[in-house]
Structure formats: structure tokens, C-alpha cells
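We count ligands from 1, going down the list as the structure has it; atoms in each ligand are counted the same way.
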Amino acid sequence: MTNQQLHQRRSQVIAQGMGALYPLYVEKAENAYVWDVDGNKYIDFAAGIAVTNTGHSNKRISEAVKAQLDNFSHTCAMVTPYASFVELAEKLTELAPGDSEKKAIFLTTGAEAVENAVKVARAHTGRSGVIAFKGGFHGRTNMTMGLTGKVAPYKAGFGPFPNEIFHAPYPNDFHGVSTDQSLQALEDLFACDIEPSRVAAIIFEPVQGEGGFYKAPAEFAQGLREVCDKHGIMLIADEIQTGFARTGKMFATEYLGIEPDMMTMAKGIAGGFPISAVVGKADVMDSALPGGLGGTYAGSPLGCVAGLEVLKIIEEEQLCAKAMGIGEVVNARMTKLQESVPAIGEIRTTGAMMAIEFACPETGKPLQDLTKAVISKAQENGLILLSCGVKANVIRLLPPLTIESEVLSEGLDKLEKIILEVA
Ligand code: PMP
């Protein structure tokens, strides 16, 4: 089967709503390389959307999962649990920032983690309202779509959404939104839309992911913490894309000097095995009745053993330091390129969560077509790239944190060549 044949078959049986960025079909993948069924080799700057931070087909993770498979693959953690389920919760509650005693729950996807964090916040506060941010992304289920702050393609045609969800602007230097303006917007919501005593939670991403890789200033997060403390609102940090060493810290919240009431985790948590978590303050997490949280596959044993191995790898292979190193290399290379490509409006790197925003140097207008052209040239140049941004004018770079420096360099050569060709 060739890429072309599979793509043809795909179009017959897979609904278009499940988008396909590249018409390439993976045969195998190893660390930062992916091979397709036609034998082409790619450097992967997507890592399955910030999931395989520990590299594709990481031997240690595969071995752990194979050993688990030989014992059992599923019993349902809510019926007859297993040691890895407890051990992973012990490790994550210890690693989550802040001094409070913590507890965890496990789920399967990122959206489910966000849904459950909101459920817990509502159970704990007895309130209904939730505030999220424009440009934020929290998932594709009904509640998380409602929280997501980008209409097309995530919300278009899918309403109605749960009510009592409100959006405030996220601070964004490049687009002229200050921390003060964002915090003032919360006060405006409290004055115009919902009284703070009916707000259960404020949810934010420490670095907005799908929205364009904008980093929250520490003063903003601290301002959110103050607002939440003042009004008894639960602060939820959505670390689904930022977590597990991606930003140069185990969690990006560590940059912000705050302790959220809850954090959502998924993606990099288990290097590609579907498991997610909510970790939060113990008294908050205990607010739901037994049986009110969870799911059939929640905390799958395969995900738990993979997650335990991921944590060991992050520590032993110093992936936080590696992420910082990757960010520095990419920042230096792209800053140099910017000298000859004025369409590069801004380069943003928080560790290895890295983005290039294309904007017209004269008008500041977002350059979507240029961004699209970069993405579409990637495949023929042997590179896998992702875009993001509310205006679809940002290229994001998320290589595995285990990428060899020569491979990173080669990938950046390809990226430079593509940008120079299309800009
Ligand atoms: N929150 C954030 C910050 C995300 O980046 C994502 C996925 N891109 C989600 C939630 C949803 O995760 P999932 O696709 O696993 O449901």
C-alpha cells in the first residue's frame, strides 16, 4: 500500500471532520524520525502533538508496556486496581508544584481531564460558572469545546455549549494585550456577566498551545491566584500540552510562582499511551462522591506503567535541561533567519515549546497563506511540522526532547530552506 492508495481509501471511510494534515502513512518511527509506507524518512517536529517527548518507540517505555501486557492489560482501576495506578499517583502528587497535600484521578484523554477538573471545582464550590481565555484550547467534548476560545474549526456548528462559560482575553505582548488588561477583563466579567460568588473555576494554560504558544507572564498567573483566593474560585492550570519537561520544567506552572488548585495532565504523561490525570489539592479533589469520577479505561495499567517509565526517563536523561538546550538552539537559528525574512514577526520559545509567528512587517496582519505554504512544503522536504494560532499564522515546533543535536540541526536546515523558499 502506498501513501496515495491509503489516502484515497481514507477519504472513502474517514469523515473529513477528523482532519488530516499530511497525506503520509506511518510505517515506523524511532526517536525523532518517522518513516512512511513509501519508504520516505522525515524529521518529526510534531511528536504526535507534544506527546512523544521521550522519543518515538522509546525502548524503555516499550519494554515496560510489553511486560505489563504479559501480566494483564485491563481490569478497570475502579474495580480491581493495581500497584502502578497508586505509584503513578504518588509520583505525580509529589511532582505537582506547591506545598499543599495533593490527590490525583486518572482518565484517558486530555479533554476528559479538563471535564473532570471542572466537575471537581463545581462539586467543591457548589457553584456553576467557569471562566476561560480567548485563544485557549481545552478539548473537543461539549464542556471543553465551550471552554475553548477558538471558533473554527473547534466550535463551528457544534453548539449549544454548556452555559455559564465566559471568556477573558489572555495577555499577549505581541498583540498588545497587557496583564493589567486581562485582569481588568475579569473584573468586567464580574461586573457585567456573573458575580464572582457564582464562579467555580478559572482555567488557563501556562503557555497557550493551540492558540499560538503565548506564555503567561508570572504577574498574570499571580493576579489570577489573587482573584481566585479573594472570591473562593478554583484555579485550574491546563498543563496538557506544556507538561512533562516540554517547557524546560516538569510543569510550566513552575515558572509562575503559584500553586493552582488543580492541574490537568495528558499528552507527554505516558509517551503515547492514552492516559490523563487531574492532580490537585487533596481537600478539593475529595469533593466528589465515590464513583462520581473515573471511567472504564481511566488509569489504564498500560498508561500507568508507561507514565512511571516516562518520569524516570525525564529525570535520568535530564529532559528539562535538554528542552532548554533545544529552545536555545532554535531561538538562535530562527532569530538569525529573521534578519533576512521580515515576515517572521516573532519567535517564541519556552524551553522546547517553540513557535514562529508570521505577520506582515508593515501592517502586522497575520500571514495565513505563508504559514500554510510552509506546512505544505514540509512533507516534500522530509519534515513534519504543525501550525497553530487563532489566526492560523504560527508554526509550532515540538520535537521529541530526546532528539539528537545533529537531527535537530538537520531539521532546522530544512525549515530554513522552506521558509526562505516561500517567504
Ligand atoms: N488542553 C490542552 C492545553 C491541549 O493542548 C489539548 C490537546 N491539544 C487538550 C486540552 C485536549 O486533549 P485531548 O486531545 O487529549 O482530548
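Applying the 4.0 Å criterion to heavy atoms of Phe137 picks out, from ligand 1, the atoms 1 (N), 2 (C), 3 (C), 4 (C), 6 (C), 7 (C), 8 (N), 9 (C), 11 (C). Remark: ligand 1 atoms within the under-4.0 Å shell around heavy atoms of Glu210 are 8 (N). Counting atoms of ligand 1 from 1 in the listed order, those under 4.0 Å from a heavy atom of Glu205 are 3 (C).
Atom CD of Glu315 has 12 or fewer heavy atoms from other residues, nucleotides or ligands within 6.0 Å. When the shell of 6.0 Å around CD of Gln318 is examined, it contains 12 or fewer heavy atoms from other residues, nucleotides or ligands. The number of heavy-atom neighbours closer than 6.0 Å to OH of Tyr297, taken from other residues, nucleotides and ligands shown, is 12 or below.
Note that atom 14 (O) of ligand 1 has no protein non-hydrogen atoms nearby, at separations under 4.0 angstrom.
Judged by distance alone, the side chains of Tyr33 and His56 never bring a donor and an acceptor atom under 3.5 Å apart. In summary, the side chains of Glu357 and Tyr214 do present a donor paired with an acceptor at a separation below 3.5 Å, with no hydrogens or angles considered.
Looking at Ala266 next to ligand 1, no N or O pair under 3.5 Å apart turns up. Inclusion of Gln241 in the set of residues having an N or O under 3.5 Å from an N or O of ligand 1 is warranted. Polar contact with ligand 1: present for Lys267 (N/O pair, distance under 3.5 Å).
The side chain to side chain contact (heavy atoms under 4.5 Å, CB included) test with Val114 is passed by exactly one of Val278, Ile236, Thr109, Thr264: Thr264.
By the criterion of a heavy-atom distance under 4.0 Å, neither the backbone nor the side chain of Glu112 is placed next to ligand 1.
Remark: minimum distance from atom 12 (O) of ligand 1 to any protein heavy atom is reached at Gly110 CA, 3.3 Å. In terms of protein heavy-atom proximity, atom 16 (O) of ligand 1 is nearest to Ala111 N, 2.8 Å. If you check which protein heavy atom lies closest to atom 1 (N) of ligand 1, you get Asp238 OD2, 2.7 Å.
One finds the CD atom of Gln208 at 10.5 Å from the CD atom of Gln241 (value rounded to the nearest 0.5 Å).
Geometrically, Lys150 does not engage Phe137 in a cation-pi contact defined by less than 6.0 Å to the ring centre and at most 45° from the axis.
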